[in-house]
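Working notes, structure below.
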Amino acid sequence: MELLVTFGLILALLCLFGLKSRRSSLRLPPGPLGIPLLGSLYQLDKKAPFKTFLKLSEHYGPVMTVNMGWQRTVVLVGFDAVKEALVDQGEDFTGRGPLPFLVRATRGYGLAISNGERWRQLRRFTLTTLRDFGMGRKGMEEWIQEESKHLVARLNATKALPFDPTYFLSCSVSNVICCLVFGQRFAYDDEHFLNLLQIIAKTIRFGSSPFGLLYNAFPGIMEKLPGPHHKAFGRIDELRAFMMEKIQEHQDTLSPQCPRDYIDCFLNRLNQEKHIPTSEFHYENLVSTVMNLYLAGTETTSSTIRFGLSVLIKYPKVQESMQQEIDTVIGPRYPNMEDRKSLPFTDAVIHEIQRLMDIVPMSLPHYALKDISFRGYLIPKDTIIIPLLHSVLKEEKQWATPWSFNPQHFLDHNGNFKKNPAFLPFSAGKRACVGESLARMELFLFMVSLLQNFTFSHAGGPDNVDLSPEYSSFANVPRAYNIIATPRP
Ligand code: HEM
Ligand SMILES: *[C@@H]1O[C@H](CO)[C@@H](O)[C@H](O)[C@H]1NC(C)=O
């Protein structure tokens, strides 16, 4: 009996001690102090803030606090920390941070910046709709195949003279989203389409500029100051007007039994839930989600293909091996997604292109919607959380040669495709890119069709191709080259 009491007492003490020490050890992740108000903003490399984070983490470790302006920010560095947060502790880390530029552009509505029930509803709906158009009927795969024919024809018309592929690639990739959202593609010289593309490109460019960074840090002040951000918002209003026009056309011709595209599916849902006052399927969410799909789905994918072509020009032997594999396995017929598993080398090259490019080095900001306890630290409610994808895609521990192009990263000794869990260009967990499977379909089908039909080169020769980004902050934007597309015999 005495023994039991003693044992119980010790247990109780241990618990108390354990609890206490646990609570007092729940402190903020370590980090630089920073100047009041400015925080660590002054320390950031304006052209590549993610590099500053990487350097700081050498000192402060994989989970660190960095103050950006008034905003407390926690940065997650390396595969282990990023995966542990976004996947293992996924429920805590699904929150989205209030990226002020995006909030202003979408008026606070839509999938990409929402949280809670709104996000859950829009996310589930968008995933389902993307999946439904991915299979059966005239689905995504056929749209992309169709679009690659147009792309090949356009490149063929350059008659093996040097040209900048940026515009054609934007057209092709945007048209895939146009098919999904509007149920139509545009001719590459359509004026509305051209304007739409320019607005999207300029918006992304602004979002990645130092002014964009400044707006995100001090939206209140910047609203009152003159600067290029006002022009950027003007352009977004134009984009919004275009979307609204298209939605009106859809409303006028809607036939509920056979939805033609994303907008039709959304309108059907909107009509079904008209009587539910709390429904998230309303007009504002439709317009803003459609804008999200454009802004998130066009520049990302087309820049990746553009960067991919530069890589293949720089490494002509790799280009040749890809062509050989493609010729042997599928010959001259149109490629389809079934072919991917028979083209391990091509698949590995495309993965390696995405890894090396590291297109969104800081992902989109996540957010602590409540106090989060992580690895013994406290991440207080309302903290911005940055999963530093850059640090995962270039981590010494995960990759044989993190800083150079090496398709062997994704091949085993027998030349079979080999997955690497640290391949996270689309981020990970519940908030990961909603368009991942569409994007991967596009990268594969466009790249394979291009290599079936052309050999790519650069007038200055392979050695004059610089793969470092033209500029980087929110995104790593690849350099644009005048390339030569020589038709293959
Ligand atoms: C190479 C192409 C692409 C890359 C590298 C990419 C990457 C990403 C990343 C890193 C995120 C943030 C994930 C996070 O918050 O943790 C994201 C979000 C998102 N992406 Fe993509 N993406 C690509 C293509 C696309 C396409 C084609 C679409 C359109 C169908 C798309 C639509 C979105 C949307 C709507 C979000 C926000 C999702 C949410 O907040 O729940 N992306 N993407
Ligand atoms: C490319 O153009 C030539 C004539 O300029 C034509 O004969 C050929 O069929 C075209 N090839 C493709 C793939 O469009």
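Just follow the structure's listing: the first ligand is 1, and inside any ligand the first atom is 1. We count residues from 1, following the sequence as given. Because only heavy atoms are used, hydrogens play no part in the values below, and waters and symmetry mates are left out as well, while side chains stay in. Quick caveat: nothing in here was measured; it's all calculated off a predicted structure.
- By heavy-atom distance, the residue among A475, G429, G297 lying nearest atom 27 (C) of ligand 1 is G297.
- Under a 4.0 Å criterion applied to the non-hydrogen atoms of V360, ligand 1 contributes the atoms 10 (C).
- A salt bridge does not link E280 with R269: every distance from a Lys NZ or Arg NE/NH1/NH2 to an Asp or Glu carboxylate oxygen is 4.0 Å or more.
- Aromatic pair F182/Y262: ring centres not closer than 6.0 Å.
- Ranking the protein heavy atoms by distance from atom 7 (C) of ligand 1 puts P425 O, 3.7 Å first.
- Within the 4.0 Å heavy-atom criterion, both parts of C433, backbone and side chain, lie near ligand 1.
- The protein heavy atom nearest to atom 38 (C) of ligand 1 is R123 NH1, 3.5 Å.
- Using a cutoff of 4.0 Å between basic side-chain nitrogens and carboxylate oxygens, D80 and K397 are scored as salt-bridged.
- Between D92 and K370, at least one side-chain nitrogen of the basic residue sits less than 4.0 Å from a carboxylate oxygen of the acidic one, meeting the salt-bridge criterion.
- The shortest N/O to N/O separation between N156 and ligand 2 falls below 3.5 Å.
- Counting only heavy atoms of the protein, atom 34 (C) of ligand 1 lies nearest to V434 CG1, 3.6 Å.
- Atoms of ligand 1 lying under 4.0 Å from any heavy atom of R431, numbered from 1 in the order shown and given with element: 13 (C), 14 (C), 15 (O), 16 (O), 39 (C), 40 (O), 41 (O).
- No close placement of the F186 and H192 rings is indicated, their centers lying 6.0 Å or farther apart.
- We find that D466 and R479 are joined by a salt bridge, their nearest charged nitrogen and carboxylate oxygen being less than 4.0 Å apart.
- Looking at atom 15 (O) of ligand 1, its nearest protein heavy atom turns out to be R96 NH1, 2.7 Å.
- Listed by number with element, the atoms of ligand 1 under 4.0 Å from a non-hydrogen atom of A439 are 2 (C), 24 (C).
- A cation-pi geometry, defined here as NZ or CZ lying under 6.0 Å from the six-membered ring centre and within 45° of its normal, does not hold between R185 and W143.
- Not a single N or O atom of Q354, backbone or side chain, sits closer than 3.5 Å to an N or O atom of ligand 1.
- For a threshold of 3.5 Å applied to N or O pairs, the pair formed by E442 and ligand 1 contains no separation below that value.
- For atom 33 (C) of ligand 1, the nearest protein heavy atom (residue, atom name, distance) is A296 CB, 3.4 Å.
- One side chain, H282 or N285, offers a donor N or O that lies under 3.5 Å from an acceptor on the other.
- A heavy-atom separation below 4.0 Å is found between H366 and ligand 1.
- Among protein heavy atoms, the minimum distance from atom 5 (C) of ligand 1 is reached at I359 CG2, 3.5 Å.
- At a 3.5 angstrom cut-off on N or O pairs, W119 counts as close to ligand 1.
- Judged by the 6.0 Å distance and 45° axis criteria, R104 is positioned over the aromatic ring of F233.
- Of all protein heavy atoms, the one closest to atom 6 (C) of ligand 1 is F426 CD2, 3.7 Å.
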Q: Might you work through the salt bridge (Lys or Arg N to Asp or Glu O under 4.0 Å) test for E238 and R235, ending with a clear yes or no?
A: CA-CA 5 Å; E238 254 182 86; R235 280 194 294 266; over 6 Å; no

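- Counting the atoms of ligand 2 from 1 in the order shown, those under 4.0 Å from a heavy atom of K159 are 5 (O).
- For atom 13 (C) of ligand 2, the closest non-hydrogen atom on the protein side is V152 CG1, 4.0 Å.
- The T304 neighbourhood of ligand 1 comprises atoms 1 (C), with distances under 4.0 Å to a heavy atom of that residue.
- At the top of the distance list for atom 12 (C) of ligand 1, counting protein heavy atoms only, stands S363 OG, 3.5 Å.
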